[in-house]
Amino acid sequence: MDEFDIIERYFAPLAGEGAFGLKDDAAVIAARPGFDLVVTTDAISEGTDFFAFDPADTIAQKALRVNLSDLAAKGAEPFAYLLNLSLPHSIAPDWLAAFAEGLGRDQREFGISLLGGDTGATDGPLTIAVTAFGYVPQGKMIRRAGARVGDAVYVTGSIGEAGGGLAIFKRERHGLSDVERDQLTARYRVPEPPVSFAAHLREIAHAAVDVSDGLIADLGHIASASGVRIVVEGEQVPLSACLRALWGDQALLRAVTAGDDYQIAFTAPPGLEGPFTRIGRVENGEGVSLKIGGREIPIPQPGYRHF
Ligand code: ADP
Ligand code: MG
C-alpha cells in the first residue's frame, strides 16, 4: 500500500461536501453568512495520549473527540475536520480499516465529515493530528476571558474517570470489579465531550474551557484570562462511584488534577440548572483555590504538563 492507496481505500469514503472525494489539493468550505468559523487543532501520540495496545477504532474516536471538546467549549457546532497522520512504516491494513471505521462511527454520531489531510510515515510514535471546524452565530464564540465576579462555576459530566482509567492502565493497584474497571478505562480511551450542549452553553456561559489537562489547571486559564479568582468547593465536584471506589480518600484531589476529561468547565450566573453541576464561584483576585469545608487545600501540581 502506498499513501494514495491508503487515502483512496480508507479515507475517501469518509469525505464530505467540498472535499472532492480527497482527489484534489485542497477542499472548499462554503462561507455561511451570519456565522463565524471556529477552528481548533489537537494531536494525540502513542505513549502519551493513548497506548499501542488500544483498539484502532477508539484511537480514531479519541483523536476526533479531543477536538470536539474544544469546539463545544467555545459554543461551536462541529461540521468537518482535517486529518494528519504520521504512521509507522509497518502499519497494517486491518489497523487502518478499524481506524477508518471508528472515524466513520463518530462522523455519524456528531454529524461531521472529512475534508482532507496528510498521510506520511514516521520512525517516531504513531501520531494523529486533527483540525476541526465548527460554526457559531457571528460574534458568539465563548472565550476564556469573560468570567465575572459573582458568577457561579459549573462543570459538565463527572471529573477524573479518564484519569482513573489511565492509572489502571499504568498498573496502579485496585480492588475494582471488572465492570468498574472497564467503565474507567473506556472513559480514558473514548472521551464523551458534551457536543450537543454547545448551542445551549453559548446562551448562558460568560467564559468556558474544555477540561483536558486537569480541572484546576484549566480553570486557571479562565481565571488568568478573565482577571478573576476561582474558588472550587471540593464537596460539589462530581465524582463517579467507580472513581471513589478506585481512589478512596484521594479521589477528589487526584480527580481535579488528572487530565483527559474533555468535559466543559464554565462560568455563568448562579442558580442555573441543566446537564451540569455547580462546583464553585468567581471572586475578586487571581488563581484557583480548592476548598473543603471552607478550608483551602494546597495543590502541588494542578494538572498535566508536557514539558
Ligand atoms: P499533496 O500532493 O499536497 O501532498 P496529498 O497527496 O498529501 O497532497 O493529498 C492528496 C489528497 O488526499 C488531498 O485532498 C488531501 O487532503 C487528501 N489526504 C491526504 N491524507 C489524508 C488523510 N489522512 N485524511 C484525509 N485526507 C487526506
Ligand atoms: Mg497536493
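Counting starts at 1 for both ligands and their atoms, in listed order.
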Residues 265-277 side chain polar contacts: donor-acceptor under 3.5 Å, at least two apart:
residue : atom : partner : partner atom : Å
Thr267  : OG1  : Asp151  : OD2          : 2.7

I'd like to know whether Tyr135 forms a ring pair (Phe, Tyr, Trp, His ring centres under 6.0 Å) with Phe79, so could you lay out the CA-CA distance, the side-chain angles of the two residues, the decisive distance to 0.1 Å, and finally the verdict. CA-CA 8 Å; Tyr135 281 119; Phe79 72 95; 4.6 Å; yes
Can you find an N or O of Gly117 that's nearer than 3.5 Å to an N or O of ligand 1? yes
Could you pull out, from Ile128, Asp24, Val130, Leu82, the option with a heavy atom nearest to atom 10 (C) of ligand 1? Asp24
Assess Lys62 against Tyr188: is NZ or CZ under 6.0 Å from the centre of the six-membered ring, and within 45 degrees of the ring's axis? yes
As an exercise, identify every atom of ligand 1 less than 4.0 angstrom from a heavy atom of Gly116. 16 (O), 24 (N), 25 (C), 26 (N), 27 (C)
With heavy atoms under 4.0 Å as the rule, classify the contact between Leu22 and ligand 1 as side chain, backbone, both or neither. both
Location of contacts on Ile7 toward ligand 1, heavy atoms closer than 4.0 Å: side chain
Which of Thr127, Ile128, Thr122, Leu96 passes side-chain contact (heavy atoms from CB on, under 4.5 Å) with Leu87? It is Leu96
Hey, is Phe4 touching ligand 1 through its side chain, its backbone, both or neither, going by heavy atoms under 4.0 Å? side chain
So if I count the atoms of ligand 1 from 1 in the order they appear, which ones are less than 4.0 Å from some heavy atom of Thr119? 19 (C), 20 (N), 21 (C), 22 (C), 23 (N)
Could you tell me whether some N/O pair between Asp25 and ligand 1 is separated by less than 3.5 angstrom? no
If we only count heavy atoms from C-beta on, is the Asp5 to Tyr10 side-chain gap below 4.5 Å? no
Phe11 versus ligand 1: do any nitrogen or oxygen atoms come within less than 3.5 Å of each other? no
Please tell me whether Phe169 and Phe51 form a close aromatic pair, meaning their ring centres lie under 6.0 Å apart. yes
Test item: Asp210 side-chain N/O and Ser212 main-chain N/O as donor-acceptor pair under 3.5 Å: no
